[in-house]
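See below for the structure under consideration.
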Amino acid sequence: TFPLALDVGSGRGYIAQHLTKETVEKLIQVDIAENALKSTTETEIPTASVVADEEFLPFKEDTFDLVVSSLSLHWVNDLPKAFREIHQVLKPDGVFIGAMFGGDTLYELRCSLQLAELEREGGFSPHVSPFTAVSDLGHLLSRAGFNTLTVDTDEIQVNYPGLFELMEDLQGNNCSWNRKPLLHRDTILAAAAIYQEMYGNSDGSIPATFQIYYMIGWKFHESQAKPAQRGSATVSFGDLAKINGLLSKRKK
């Protein structure tokens, strides 16, 4: 049971709906979008809402037993700083559990738009938010001070009738500062044809891939298990095939 938890980038409280009193006694929901916090959903656990930037969390050091974040960190401008802020507000032996979109998200759409813009306009600009590579994620968490890290990836594929339906579903999901304000209709039609040709399904629909990184990191505490000292092993990896025999000898 976590007495006090923090949801970073909570939106309308999607995580809170799945928490119980046996898991979390009180939840603080933080989001930079005030309108989202005004329409949070009801939950059985006590909650409080705070409008704040994920890069500048307005809480004292060592405050929370648990920090969670679900699919919001790709909006953050300075991800290393956000991780440091999360680490700072955690209590020693507190845990951060997060999920964020990864680098291969919407690769079909990005490739189709780039090829279409190069063909029709002689250049291209980003039309999808930038994403972090999984190879960087563990390093960023480690630099922020987290230990006993776990990082995993998953891919979810969603089928759409066509490019226009996909882009309508994604409206407002590009936070790139250098994006173009306008995408010409000819370019969109070309991108739709390229998308269908390169990635289309046999039934005429198109797939959109969403890559998700799952991460767990702990704040250091003396009670946590520590790795054994280098050179202290008593069994060689070469002897793993004989492990049962070695264990029986030790018991005797």
Side-chain angles (χ1 to χ4, degrees), residues 1-102 132 134 137-154 156 210 212-227:
T1 301
F2 299 96
L4 185 61
L6 173 69
D7 183 359
V8 176
S10 62
R12 293 180 172 82
Y14 304 109
I15 289 182
Q17 300 174 52
H18 303 282
L19 299 178
T20 64
K21 294 177 181 177
E22 291 74 30
T23 307
V24 173
E25 293 180 358
K26 184 176 182 180
L27 178 69
I28 307 297
Q29 298 173 306
V30 168
D31 201 287
I32 200 169
E34 185 176 359
N35 288 336
L37 291 175
K38 285 180 178 178
S39 56
T40 53
T41 55
E42 292 186 7
T43 175
E44 69 173 62
I45 61 174
T47 62
S49 299
V50 178
V51 179
D53 191 332
E54 295 90 340
E55 299 171 36
F56 303 94
L57 295 177
F59 306 106
K60 293 182 180 179
E61 189 174 355
D62 303 339
T63 298
F64 297 96
D65 306 278
L66 165 70
V67 176
V68 295
S69 180
S70 180
L71 303 183
S72 68
L73 289 174
H74 69 287
W75 290 106
V76 173
N77 292 316
D78 189 345
L79 188 59
K81 189 175 191 308
F83 282 151
R84 290 196 299 270
E85 289 284 303
I86 291 171
H87 182 269
Q88 181 172 304
V89 302
L90 270 175
K91 290 180 179 179
D93 203 32
V95 62
F96 167 56
I97 304 176
M100 64 182 295
F101 288 116
T132 303
V134 68
L137 190 57
H139 181 59
L140 292 174
L141 289 166
S142 181
R143 281 181 56 191
F146 292 100
N147 58 30
T148 320
L149 297 173
T150 302
V151 177
D152 197 7
T153 66
D154 191 15
I156 297 174
F210 298 86
I212 302 174
Y213 300 153
Y214 300 97
M215 66 204 94
I216 302 175
W218 297 79
K219 189 168 182 177
F220 176 77
H221 188 268
E222 288 292 338
S223 65
Q224 292 174 349
K226 299 176 180 63

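Only a predicted model underlies this, so the values are computations on that prediction, with no experimental measurement involved.
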(message) Is the shortest side-chain heavy-atom distance between Glu85 and Lys81 below 4.5 Å?
(response) yes
(message) Once you measure the plane-to-plane angle for Phe59 and Phe64, does it fall in the parallel (<30°), tilted (30-60°) or perpendicular (>60°) bin?
(response) perpendicular
(request) For Ser69 and Val8, indicate whether the former's side chain and the latter's backbone hold a donor-acceptor pair under 3.5 Å. (result) yes
(message) Main chain of Val76, side chain of Glu55: is a donor-acceptor contact present, judged purely on distance under 3.5 Å?
(response) no
Could you list the donor-acceptor pairs under 3.5 angstrom formed by side chains in residues 24-31, with sequence neighbours left out?
residue, atom, partner, partner atom, Å
Asp31, OD1, Ala33, N, 2.8
Asp31, OD2, Ser10, N, 3.4
Asp31, OD2, Gly11, N, 2.8

(request) Indicate the atoms forming the closest heavy-atom contact of Ala99 with Ile212, along with that distance. (result) CB-CG2, 4.2 Å
(message) For the backbone of Ala16 and the side chain of Thr43, can you confirm whether one donor and one acceptor N or O come within less than 3.5 Å of each other?
(response) yes
(message) I need the minimum non-hydrogen distance between Met100 and Leu79, along with the two atoms involved.
(response) CE-CD2, 3.9 Å
(request) Could you grab the distance from atom CG of Leu19 to atom CZ of Phe2, nearest 0.5 Å is fine? (result) 10.0 Å
(request) Could you tell me the separation between the CG atom of Leu66 and the CZ atom of Phe96, rounded to the nearest 0.5 Å? (result) 10.0 Å
(request) Examine distances only and state if a side-chain atom of Lys219 and a backbone atom of His87 form a donor-acceptor pair shorter than 3.5 Å. (result) yes
(request) List the atom of Lys21, the atom of Glu44, and the distance in Å for their closest heavy-atom pair. (result) CE-O, 3.0 Å
(message) Does Glu61 have more than 12 heavy atoms from other residues, nucleotides or ligands lying within 6.0 Å of its CD?
(response) yes
(message) Using 0.5 Å steps for rounding, measure from the CH2 atom of Trp218 to the CG atom of Asp93.
(response) 6.0 Å
(message) If the test is ring pair (Phe, Tyr, Trp, His ring centres under 6.0 Å), which one of Tyr213, Phe101, Phe210 qualifies with His74?
(response) Phe101
(request) Can you measure from CD1 (Ile45) to OG1 (Thr23) and round to the nearest 0.5 angstrom? (result) 8.5 Å
(message) Just verifying a value: how many Å separate Thr47 OG1 and Asp7 CG, rounded to the nearest 0.5 Å?
(response) 10.5 Å
(message) Side chains of Thr41 and Arg12: any donor to acceptor distance under 3.5 Å?
(response) no
(message) Looking at Ser70, is its backbone amide N or carbonyl O close enough to the side chain of Tyr14 to form a donor-acceptor pair, meaning the two atoms are under 3.5 Å apart?
(response) no
Please list, one pair per line, the donor and acceptor atoms closer than 3.5 Å that link side chains of residues 137-144 to other protein atoms, with sequence neighbours excluded.
none

(message) Applying salt bridge (charged side-chain N to carboxylate O under 4.0 Å, His left out), can you list everything that pairs with Asp152, at least two apart in sequence or on another chain?
(response) none
(request) Measure the CD1-CH2 distance between Ile32 and Trp75 for me, rounded to the nearest 0.5 Å. (result) 11.5 Å
